[in-house]
Every structure is written in C-alpha cells, then in structure tokens.
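Single-structure report; data block below.
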Amino acid sequence: MDKTALSSNWKKLQATLKKDPTVKRKPSELDSGNGIVKKRKLTEKQKPYNRDAKPTLKRKRMSDKKETGDSADASAPKIETSSRHKENEGRSPSAELGKYVAMDCEMVGVGPNPDSDSALARVSVVNFNGDQIYDSYVRPKEMVTDWRTHVSGIAPKHMVEARALEHVQKEIADILKDRILVGHAVSNDLDVLLLSHPKRDIRDTSKHPPYRRIAGGGSPRLKILAEEFLGIKIQDGAHSSVEDARATMALYRREKDAFEREHLKKWPARMIADNREKGEGQKKKKKKKTTRKR
C-alpha cells in the first residue's frame with residue numbers, strides 16, 4: 001500500500017472534521033486551563049432532597065406555637081378521667097360505681113355566726129378512676145348569711161335548680177352503702193350530710209401518717225398534698241367539689257397499699273372459721289343399741 005496515499009487521505013479526513021460543527025467535541029470539565037474542575041449549576045428540580053434542611057417559615061411558626069403554648073397553664077398536669085363532668089347532674093347514668101368512692105362537699109355560712117356555722121351547698125362523688133358518679137347543689141334549710149363564693153364557688157344563682165337536702169341524703173346513702181369511702185377530713189362531710197358510715201370502711205387522706213408529716217404531724221391541707229405528691233394545682237380560686245374528690249381519690253390510689261396496711265392495724269380482718277371441715281357443730285348420730293337374740 002502506498003504510504004503517501006494513506007497520509008493524504010488522513011489529511012483530508014482531519015480537514016473535514018474541523019469544518020463540520022456537529023462533530024466538535026465539547027470541552028470537558030477538566031479543560032479549564034488550570035486543571036480545576038468546574039461544577040455545574042443545578043436547577044431547583046435537579047437538586048437532591050436534603051433531610052437536614054430547615055423547615056419552611058410556615059412550619060417553623062407552627063412548631064414554635066406548639067412548644068410555647070397559648071397560655072401558661074397549657075403544660076400544667078391534670079387529673080385524667082374517662083368521663084365528662086356535667087355540673088349538677090345528680091346521679092350519673094353511665095359511670096360505673098365500683099367498690100371505692102371519694103366524696104367532697106362545699107359549705108356556705110348560715111345564721112348569725114356564718115364563720116362558725118355551716119350548711120351543705122354542694123356534694124360530689126367520684127369512683128376509683130375519678131369518673132363523676134354524683135354531683136348536686138343542695139338547698140340549705142337555714143338562712144345563708146355568707147355564700148363564701150370566693151372559696152366555695154357557690155352563688156345564689158346555683159340555688160335555682162338545687163335539690164332538697166332530704167333528696168340528696170337518700171341518693172348519697174345509696175351510693176355509700178357497702179362501699180369504701182375515701183375523703184379528706186371526711187367526717188366533716190358526713191356531718192353536714194347528717195349521715196354516718198362505718199369507720200372500718202373509711203379511708204381519710206388527712207389522717208394518713210406519710211401525708212401528715214408534711215404538716216408537721218397535723219392535718220395537712222388537700223391543696224398542699226395535691227401539689228406535693230401529685231404535681232397538680234387545685235383550689236387556686238373557688239373550690240370545686242368534683243376536682244377535690246378526684247384529687248383525694250388520686251392521693252389514696254398513690255398510697256393504696258400503705259393505707260390498707262395502716263388500716264389493718266386498727267381494724268384486723270374478720271376471720272371466719274370453717275368448722276365444717278372439723279365436723280364441729282354437727283349433731284352426732286346416736287348408735288342404736290342392738291340386742292342379741294338368744
């Protein structure tokens with residue numbers, strides 16, 4: 001083969017490639033003249049998803065609102081219950097009663113000495129779970145001379161649909177029958193209701209030794225016990241007998257085993273002997289004498 005012809009063909013091919021723009025090679029990212037790689041700019045759609053990216057402005061505002069809350073009381077602990085609270089409902093048609101109930105009452109001042117003479121104006125009962133069993137305003141028979149609204153939460157308007165004392169007495173007596181009554185200084189509540197309850201079936205949070213230590217051995221306030229042992233605030237303003245009853249039950253549940261141990265020291269469990277196993281008390285059958293015939 002003629003080498004001169006080959007070289008001339010090669011020269012023609014090179015000339016053709018230089019004239020044709022479609023076959024021109026694009027400069028690579030390394031052809032910058034100084035050996036530095038040039039990065040391509042990506043469009044917004046081509047950018048990869050960044051998990052560490054900050055949230056948008058709208059999302060950030062929502063998260064800030066959730067963390068700070070709308071009010072100072074948003075993060076305050078509350079006693080959780082599974083039932084609604086309907087004021088002055090009377091006996092709840094849906095809440096289960098159970099073995100344990102907690103009761104609290106609100107009083108008003110009556111007569112010429114309202115600071116010392118009190119009458120029942122509201123009574124509330126909750127079950128072991130804190131569900132409202134009973135709530136009613138009560139119409140005092142005496143003349144109310146001090147409503148104590150700032151403490152009791154009772155006002156004259158509540159007497160419009162209040163129930164008679166005798167009616168409330170009967171309903172409360174039915175609820176308490178054969179049940180364990182939990183209360184805070186519960187003897188005061190029973191006195192204004194003009195009711196009694198077996199001491200064996202009473203659990204009083206104001207007399208529990210571990211709770212009394214916080215008051216130096218005296219009777220502690222329910223408000224202080226709730227804040228110290230439950231981490232909740234009650235009675236900041238007007239009292240609620242429903243809220244107080246729930247707090248009392250929560251205090252009992254927190255120390256239930258200790259309550260029962262202390263209770264057994266004063267009221268030992270009744271022992272019922274089973275005499276039937278030993279055969280005692282049963283009439284012995286007399287053996288008939290048999291005479292042998294001769």
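Along the sequence shown, residues carry numbers from 1. All heavy atoms count here, side chains included; hydrogens, waters and symmetry mates do not.
- Two residues are said to be in side-chain contact when any heavy atoms from C-beta on lie closer than 4.5 Å; Thr145 and Asp117 fail this criterion.
- When all heavy atoms are compared, the tightest approach of Ala102 to Ala245 is CB-O, 3.5 Å.
- Annotation for Leu230 and Ala247: closest pair CD1-O, 3.7 Å, computed over non-hydrogen atoms.
- Arg261 has no carboxylate O lying under 4.0 Å from a charged side-chain N of Asp257, or vice versa, which leaves the two without a salt bridge.
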Candidate pair Ile224 and Gln235, rule side-chain contact (heavy atoms from CB on, under 4.5 Å), full reasoning = CA-CA 10 Å; Ile224 295 176; Gln235 301 179 353; over 6 Å; no
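- At a threshold of 4.5 Å between non-hydrogen side-chain atoms, the residues Arg122 and Glu87 count as touching.
- There is a side-chain donor-acceptor pair under 3.5 Å between Asn88 and Arg163.
- In this structure, Asn129 contributes its side chain and Asp131 its backbone to no donor-acceptor pair below 3.5 Å.
- Enclosure of atom CD in Glu260 by more than 12 non-hydrogen atoms of other residues, nucleotides or ligands within 6.0 angstrom is indicated.
- In this structure, Glu243 does not pair ionically with Arg246, as no charged nitrogen and carboxylate oxygen lie closer than 4.0 Å.
- At distances below 3.5 Å, not a single donor-acceptor pair connects side-chain atoms of Arg200 with backbone N or O atoms of Lys266.
- Alongside Leu181, the hydrophobic cluster contains Leu97, Val101, Met103, Met107, Leu120, Val123, Val125, Ile133, Tyr134, Val138, Leu165, Val168, Ile172, Ile175, Leu176, Val186, Leu190, Val192, Leu193, Leu194, Leu195, Ile202 (criterion: ILVMFWY side chains under 4.5 Å).
- Within 6.0 Å of NZ on Lys256 lie more than 12 heavy atoms contributed by other residues, nucleotides or ligands.
- Residue Glu255 holds its CD atom at 10.5 Å from CD of Glu262, rounded to the nearest 0.5 Å.
- Contact check for Ser118 versus Arg148: side-chain heavy atoms found under the 4.5 Å cut-off.
- Ile180 and Trp267 sit in two unconnected hydrophobic clusters of ILVMFWY residues. Membership requires side-chain heavy atoms under 4.5 Å apart, directly or through other members.
- Other members of the hydrophobic cluster containing Met159, listed by chain and number, are Val108, Val110, Tyr137, Val144, Trp147, Ile154; membership follows side-chain contacts under 4.5 Å among ILVMFWY residues, whether direct or relayed.
- A pairwise comparison of heavy atoms in Pro114 and Asp146 identifies CB-CB, 3.6 Å as the closest pair.
- Atom CZ of Arg203 is separated from atom OH of Tyr252 by 5.5 Å, given to the nearest 0.5 angstrom.
- The nearest pair of heavy atoms linking Pro93 to Glu89 is CD-OE2, 3.5 Å.
- The shortest non-hydrogen separation linking Ala164 to Arg139 is N-NH1, 4.1 Å.
- Side chain of Gln132 to main chain of Val242: no donor-acceptor pair is present (N/O by atom type, distance under 3.5 Å, no hydrogens or angles).
- For the pair Phe128 and Arg253, the minimum side-chain heavy-atom distance is below 4.5 Å.
- Ring-plane geometry between His208 and Phe259 is classed as parallel, the angle between the planes falling under 30 degrees on a 0 to 90 degree scale with a further cut at 60.
- To the nearest 0.5 Å, the span separating NZ on Lys99 from CG on Asp201 amounts to 8.5 Å.
- In this structure, Glu161 places its CD atom where only 12 or fewer heavy-atom neighbours from other residues, nucleotides or ligands lie under 6.0 Å away.
- Smallest separation of non-hydrogen atoms from Asp135 and Ser124: OD1-OG, 2.6 Å.
- At least one side-chain heavy atom of Gln169 sits under 4.5 Å from a side-chain heavy atom of Glu166.
- Taking CG of Leu251 as the start and OG of Ser206 as the end, the distance is 11.0 Å to the nearest 0.5 Å.
- Within the model, atoms CG of Leu225 and CD1 of Ile214 stand 6.0 Å from one another, a figure rounded to the nearest 0.5 Å.
- The neighbour count for Lys223 NZ, taken as heavy atoms of other residues, nucleotides or ligands under 6.0 Å away, is above 12.
- Pairs engaging residues 179-197 under the side-chain hydrogen bond (donor to acceptor under 3.5 Å, both in side chains) rule: His184-Thr205 [sequence neighbours left out].
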